[in-house]
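Quick caveat, the model's predicted, so the values are computed rather than measured. All values below come from the heavy atoms of this structure, side chains included, with hydrogens, waters and symmetry mates left out. Numbered from 1 within each chain, the chains take letters A, B, ... in sequence-line order.
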Amino acid sequence: MNLPKELSLAEIAALIGGKTEGDAQVKVKSVALSPLTAKEGDIALFFDPKYIAEITKCKASAVLIPDSVKTDIPAITVKRPLLALQKMLAAIAPKRYMPEVGIHPSAIVDATCELGKDVAIGANVVIGPKTKIGDRTKIMANVTIGGEVEIGLDCLFHPGCMIADYIKIGNRVIMQQGASIGADGFSYVTERPSNMELRIAGIKELSDEPNPLLKISNIGTVIIEDDVEVGSNATIDRATMGATIIGKGTKIDNLVMIAHNVRVGREALIVSQTGIAGSSVIGDRAVLAGQVGIKDHINVGKDAILEGKAAVMKDIADQEVMCGVPAQPARDFFNQVAHVRKLPKMLTDFRALQKKVDSLEKALNEKQLVR
Amino acid sequence: MNLPKELSLAEIAALIGGKTEGDAQVKVKSVALSPLTAKEGDIALFFDPKYIAEITKCKASAVLIPDSVKTDIPAITVKRPLLALQKMLAAIAPKRYMPEVGIHPSAIVDATCELGKDVAIGANVVIGPKTKIGDRTKIMANVTIGGEVEIGLDCLFHPGCMIADYIKIGNRVIMQQGASIGADGFSYVTERPSNMELRIAGIKELSDEPNPLLKISNIGTVIIEDDVEVGSNATIDRATMGATIIGKGTKIDNLVMIAHNVRVGREALIVSQTGIAGSSVIGDRAVLAGQVGIKDHINVGKDAILEGKAAVMKDIADQEVMCGVPAQPARDFFNQVAHVRKLPKMLTDFRALQKKVDSLEKALNEKQLVR
Amino acid sequence: MNLPKELSLAEIAALIGGKTEGDAQVKVKSVALSPLTAKEGDIALFFDPKYIAEITKCKASAVLIPDSVKTDIPAITVKRPLLALQKMLAAIAPKRYMPEVGIHPSAIVDATCELGKDVAIGANVVIGPKTKIGDRTKIMANVTIGGEVEIGLDCLFHPGCMIADYIKIGNRVIMQQGASIGADGFSYVTERPSNMELRIAGIKELSDEPNPLLKISNIGTVIIEDDVEVGSNATIDRATMGATIIGKGTKIDNLVMIAHNVRVGREALIVSQTGIAGSSVIGDRAVLAGQVGIKDHINVGKDAILEGKAAVMKDIADQEVMCGVPAQPARDFFNQVAHVRKLPKMLTDFRALQKKVDSLEKALNEKQLVR
């Protein structure tokens with residue numbers, strides 16, 4: 001990736017907050033995609049120990065390294081390499097195409113909306129009545145926003161997201177393409193007891209007669225606090241009453257499902273394809289890895305870590321690390337997995353032991369005869 | 001949540017079909033979000049036994065309770081609390097913003113479409129040729145509907161849904177934001193036998209040569225019967241030939257995937273992120289909890305219950321309750337989970353028993369010597 | 001399904017490349033949906049052995065059969081029935097409604113775009129600056145395409161897909177409804193060490209202070225090679241640096257998630273709701289069944305098969321077949337599942353054996369007394 005312009009190592013160090021080692025005036029004009037393919041004029045980033053071991057082979061003009069590493073190549077040393085990368089990428093990111101400030105002529109913005117300063121509304125955007133949008137927020141093409149929505153300052157909504165009526169969104173919130181906020185929750189009730197209710201009550205005689213599922217209206221909303229990001233094609237449903245809440249600074253990945261009345265704390269990470277069922281509560285900084293499933297009305301503690309595909313059916317304590325279907329503490333899970341793998345051998349050994357005991361018994365009985 | 005206007009307990013009881021106990025003329029003006037936070041002027045809903053135990057502490061002016069509960073607070077008693085909630089919410093639901101009757105000037109509706117009475121087509125909607133839409137159906141902003149689609153009466157399509165050509169949709173169907181109906185099924189064939197076919201035939205020598213996956217055209221359709229609801233960003237693929245069918249009154253949650261030629265019965269509940277592979281058949285009133293996966297060409301019986309994350313690889317009988325990966329009857333599953341948890345202890349005990357048998361054997365042999 | 005016109009068996013055989021048996025001049029006018037329901041005038045397709053056994057009962061005027069089957073009904077025999085079906089369906093597929101060549105008046109196409117010959121841009125499409133679209137490509141209604149995107153020849157983008165800036169798409173690529181290409185990857189870093197980093201470093205004292213997750217800019221792109229198909233509401237994220245790459249001829253099903261910097265080889269099949277985490281590499285012709293999850297930085301070998309719901313946490317060799325959570329070779333997995341099912345019985349037997357050994361021990365001790 002080319003830098004926007006040639007920079008000296010000293011200039012880059014100032015940008016990302018590291019120290020220089022060796023010739024600080026060496027110039028670089030691009031960032032190597034991989035330390036292995038770096039060439040003259042590149043700065044190469046060494047974060048991965050397997051690459052660091054091969055740093056002597058690197059052909060880059062300069063390197064970015066953890067401060068524990070030594071090299072003869074002109075270098076910037078940093079304490080937190082990933083943070084240095086974040087700053088570097090922020091500095092060199094190519095311009096993304098954004099709608100211009102103002103309302104694109106093709107957008108349909110209701111006359112009763114209140115738009116802040118320098119708001120940019122893209123082509124074919126549709127915004128319902130009485131919606132308020134804060135200063136400098138950018139709404140990209142083909143986004144649909146309902147009525148009486150409140151959106152804060154400096155938000156960025158990528159194309160095709162869908163925000164239903166009455167939703168409240170804070171400042172600096174990012175919606176990726178196709179994110180859906182405020183669809184109705186999945187709640188129904190039947191006029192007569194359903195077959196499932198009959199079974200729970202121990203009644204054997206079920207009915208084949210129609211017993212329509214009546215929709216429970218969702219009169220609540222979704223509140224998305226400041227600095228949240230919602231991934232592409234993710235869905236966050238509105239509450240039955242009250243609000244589904246996503247806490248400040250929480251990040252939600254693509255295709256995640258958050259059901260009605262869920263409350264997620266602050267700075268949580270919810271990875272792709274995870275589903276959280278109705279009314280569950282997720283603690284601050286909890287990490288839900290990919291494809292996790294959480295039952296309804298569950299509490300997940302602060303700083304809990306749910307490994308990929310964990311199926312959570314009980315409350316999880318603060319800082320707990322959970323795995324498996326159903327989820328259990330990671331240590332127990334991996335211990336059990338290891339034991340299950342030994343099970344075929346154990347069964348063979350067990351059958352052998354049974355035979356051995358049988359012959360011991362026989363030998364003992366014979367002895368009784370000769371006694 | 002404020003009621004649209006102040007109501008007496010008697011008026012509310014008439015609305016939701018319960019009996020009053022105590023002063024039926026007491027007025028309430030709002031519904032408490034939780035019995036614990038209720039205040040004067042509220043009606044509080046007591047459905048959860050853990051709240052009912054604390055009803056004496058409640059500060060609401062009135063309560064809604066199951067008819068088995070007694071209290072001194074003016075009350076409405078009901079047989080089916082969830083049904084009462086459904087009626088209450090339907091009565092107090094705030095108005096959602098809907099497109100006005102007629103065609104929004106920005107919508108592109110083909111001249112050959114046939115629209116019923118009082119149809120409402122929102123901003124930037126696109127509808128292809130020869131599509132028919134029934135009376136009072138509402139199509140919200142940014143929806144795309146293909147050609148020769150048939151849509152019934154009183155449907156509601158939320159923003160951003162996508163309905164492909166030739167799809168048939170019944171009456172009172174609800175599509176949530178971003179639902180996708182009628183995308184092509186996932187079916188391919190190669191000109192020469194694929195490496196997978198070779199392996200199944202026991203041939204070891206595989207090929208690295210290109211062997212393109214040819215798309216099998218999907219000339220079938222999707223039929224969605226009356227009273228179905230489809231969740232946000234869910235996808236229902238069209239059939240190879242014939243139709244993918246969703247039976248009357250079935251409800252489908254967000255991000256569900258229903259593949260080509262699947263047939264779902266009536267009043268089934270298919271919870272979020274579940275996937276049903278090609279040509280499987282789901283019985284009436286089956287409940288598929290979140291993240292269930294069903295292989296292709298499977299039959300799931302009527303009133304079957306598939307617990308969250310179940311992986312269904314074989315046919316399921318009527319009323320069966322299934323769990324796990326691969327799915328098995330719930331009782332067996334939980335029994336096995338309990339046994340797997342005992343496995344580390346069992347292995348330790350087994351090793352001890354092996355040693356004990358060894359020493360018994362030794363003792364017995366020694367006895368033989370001394371006999 | 002009606003054929004576009006009545007055809008003789010000989011004409012159909014020429015179309016799909018089979019041999020005729022019996023009267024090649026018999027006329028058919030429709031394809032039976034199922035061999036069981038076929039009637040006069042139909043051609044019925046017999047691929048499934050369970051139907052072939054009942055071929056004598058078939059009332060169709062003609063049949064399509066594998067060349068190993070014999071029948072008195074006029075027939076076309078083929079070597080690869082599924083391939084014959086593919087050719088038949090391609091021949092009889094009804095016309096789908098496509099935008100006309102040119103730019104629909106409601107579409108917003110930036111003046112700096114370069115469109116090839118016979119490009120068709122549908123209603124309400126939005127295309128950003130400097131984007132190039134190859135000859136004969138069709139972009140259906142309500143699609144959004146960013147700036148500096150490159151799209152090849154003969155592509156078909158279904159309604160509502162979202163393609164972000166700078167993406168590169170080859171020839172003959174199909175995007176199903178709502179597919180999202182080029183959303184930002186899910187990568188964050190904190191200024192101070194996060195609680196998770198503290199825990200990994202063995203530090204017990206965690207912090208409740210805010211420690212915002214800083215977004216790592218995604219300055220890379222997505223490259224989609226020729227002949228790829230992307231399913232409805234699937235998401236493919238852009239790379240942090242470099243490119244997320246989908247190899248030539250690979251097919252991706254609905255609701256699949258492919259994270260930043262993933263590289264998928266050629267002619268792979270990625271079935272619905274599968275998720276592939278950042279920087280993983282998928283080999284040519286690998287088959288990832290439904291709801292598979294793959295950790296970040298994993299290598300999956302060529303021709304590997306991952307069964308439905310497999311959770312891949314380690315590299316997978318070429319041609320390996322994997323199952324389970326965590327994934328392991330299919331043979332081991334099913335062996336273990338079988339053993340786990342025997343576990344309750346085994347525990348009972350084990351307890352019995354323990355008792356038996358105890359009584360043997362007792363008997364032996366008593367013998368010592370009587371000796």
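Looking at B/Arg351, the atoms closer than 4.5 Å to chain A (heavy atoms on both sides) all sit in the side chain, from C-beta outward. Both the backbone and the side chain of B/Val271 come within contact range of chain A, each with at least one heavy atom under 4.5 Å from a heavy atom of that chain. Neither the backbone nor the side chain of A/Ala277 comes within less than 4.5 Å of any heavy atom in chain B. For a residue to count as touching a neighbouring chain, one of its non-hydrogen atoms must lie under 4.5 Å from one of that chain's; by this rule A/Ile236 does not touch chain B. For a residue to count as touching a neighbouring chain, one of its non-hydrogen atoms must lie under 4.5 Å from one of that chain's; by this rule B/Met140 does not touch chain A. Heavy atoms closer than 4.5 Å to chain B are found nowhere in A/Ala338, neither backbone nor side chain. There is no contact between A/Val312 and chain B, counting heavy-atom distances below 4.5 Å. Both the backbone and the side chain of B/Glu361 come within contact range of chain A, each with at least one heavy atom under 4.5 Å from a heavy atom of that chain. With a threshold of 4.5 angstrom between heavy atoms, A/Val149 does not approach chain B through any atom at all. Residue B/Ala310: no heavy atom, backbone or side chain, is found under 4.5 Å from chain A. The contact between B/Leu255 and chain A is made entirely by side chain atoms (from C-beta outward), counting heavy-atom distances below 4.5 Å. Looking at A/Thr221, neither its backbone nor its side chain comes within 4.5 Å of chain B, counting heavy atoms on both sides. Contact of A/Phe350 with chain B is made through backbone and side chain together, with heavy-atom distances under 4.5 Å. Interface residue A/Thr274: only backbone heavy atoms are found under 4.5 Å from chain B. Contact annotation for B/Asp227: neither backbone nor side-chain heavy atoms come within less than 4.5 Å of a heavy atom of chain A.
The minimum heavy-atom distance linking B/Ile174 with A/Lys215 is given by the pair CD1-CD, 3.9 Å. When all heavy atoms of A/Leu213 and B/Ala268 are compared, the pair lying nearest together is CD1-O, 4.2 Å. The heavy-atom pair separating A/Phe186 from B/Lys251 by the smallest distance is CZ-O, 3.4 Å. When all heavy atoms of A/Ser217 and B/Ala90 are compared, the closest pair comes out as OG-CA, 3.6 Å. Closest approach of A/Ala327 to B/Arg341, counting heavy atoms only: O-NH2, 4.1 Å. Across B/Asn124 and A/Ser106, no two heavy atoms sit closer than the pair ND2-O, 4.3 Å.
Atom-to-atom distance recorded for A/Met241:CE and B/Leu89:CG is 6.0 Å, nearest 0.5 angstrom. Taken to the nearest 0.5 Å, the CD atom of B/Gln291 stands 8.0 Å off from the NZ atom of A/Lys309. Between the CG atom in B/Leu360 and the CG atom in A/Leu360 there is a gap of 6.5 Å [rounded to 0.5 Å].
Chain B forms more heavy-atom pairs under 4.5 Å with one residue of A/Gly146, A/Gly178, A/Pro129 than with any other, namely A/Pro129. Options B/Pro105, B/Ala93, B/Gly290 differ in how many heavy-atom pairs under 4.5 Å they form with chain A, and the most are formed by B/Ala93. Counting heavy-atom pairs under 4.5 Å between each of B/Ile92, B/Thr250, B/Ile270 and chain A puts B/Ile270 at the top. Chain A forms the most heavy-atom pairs under 4.5 Å with one residue out of B/Ile305, B/Val31, B/Asp284, and that residue is B/Ile305. The greatest number of non-hydrogen atom pairs below 4.5 Å with chain B, out of A/Thr240, A/Asn211, A/Val125, is found for A/Asn211. Taking A/Ile219, A/Asp332, A/Asn218 one by one and counting their heavy-atom pairs under 4.5 Å with chain B, the maximum is reached by A/Ile219. The greatest number of non-hydrogen atom pairs below 4.5 Å with chain B, out of A/Asn335, A/Asp349, A/Leu343, is found for A/Asp349. The choice from A/Val340, A/Thr190, A/Val325 that makes the most heavy-atom pairs within less than 4.5 Å of chain B is A/Thr190. Between chain A and the residues B/Ala123, B/Gly249, B/Ala289, the most heavy-atom pairs under 4.5 angstrom are made by B/Ala123.
The shortest distance between side-chain heavy atoms of A/Asp184 and B/Gln176 falls below 4.5 Å. Between A/Met162 and B/Asn233 there is a side-chain heavy-atom pair separated by less than 4.5 Å. Proximity of A/Gln328 to B/Val337: side-chain heavy atoms (C-beta onward) are nowhere separated by under 4.5 Å. At least one side-chain heavy atom of A/Asp208 sits less than 4.5 Å from a side-chain heavy atom of B/Arg285.
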Would B/Asp253 and A/Met257 count as a side-chain contact (heavy atoms from CB on, under 4.5 Å) here? Give the steps. CA-CA 10 Å; B/Asp253 200 358; A/Met257 159 60 173; 3.8 Å; yes
Evaluate the criterion side chain to side chain donor-acceptor pair (under 3.5 Å) for residue pair A/Ser180 and B/Ser232; output intermediate values, then yes/no. CA-CA 7 Å; A/Ser180 165; B/Ser232 186; 2.6 Å; yes
Test side-chain contact (heavy atoms from CB on, under 4.5 Å) on A/Leu206 and B/Lys302; report intermediate values, then the result. CA-CA 10 Å; A/Leu206 303 185; B/Lys302 287 193 297 190; over 6 Å; no
Does the side chain to side chain donor-acceptor pair (under 3.5 Å) test come out yes or no for B/Asn142 and A/Thr144, once each step is laid out? CA-CA 7 Å; B/Asn142 272 326; A/Thr144 315; 2.9 Å; yes
Step-by-step side-chain contact (heavy atoms from CB on, under 4.5 Å) determination, A/Glu148 to B/Tyr97: CA-CA 9 Å; A/Glu148 297 197 42; B/Tyr97 288 94; 2.5 Å; yes
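Partner A/Tyr188 forms a side chain to side chain donor-acceptor pair (under 3.5 Å) with one of B/Glu267, B/Glu229, B/Gln86 and no other, that one being B/Glu229.
Among residue pairs with one or both ends in residues 190-201 of chain A, those qualifying as salt bridge (Lys or Arg N to Asp or Glu O under 4.0 Å) are A/Glu191-B/Lys87, A/Glu197-B/Arg80; sequence neighbours excluded.
Contact annotation for residues 352-359 of chain A against chain B (heavy-atom separation below 4.5 Å, listed by residue number): A/Leu353, A/Lys356, A/Val357.
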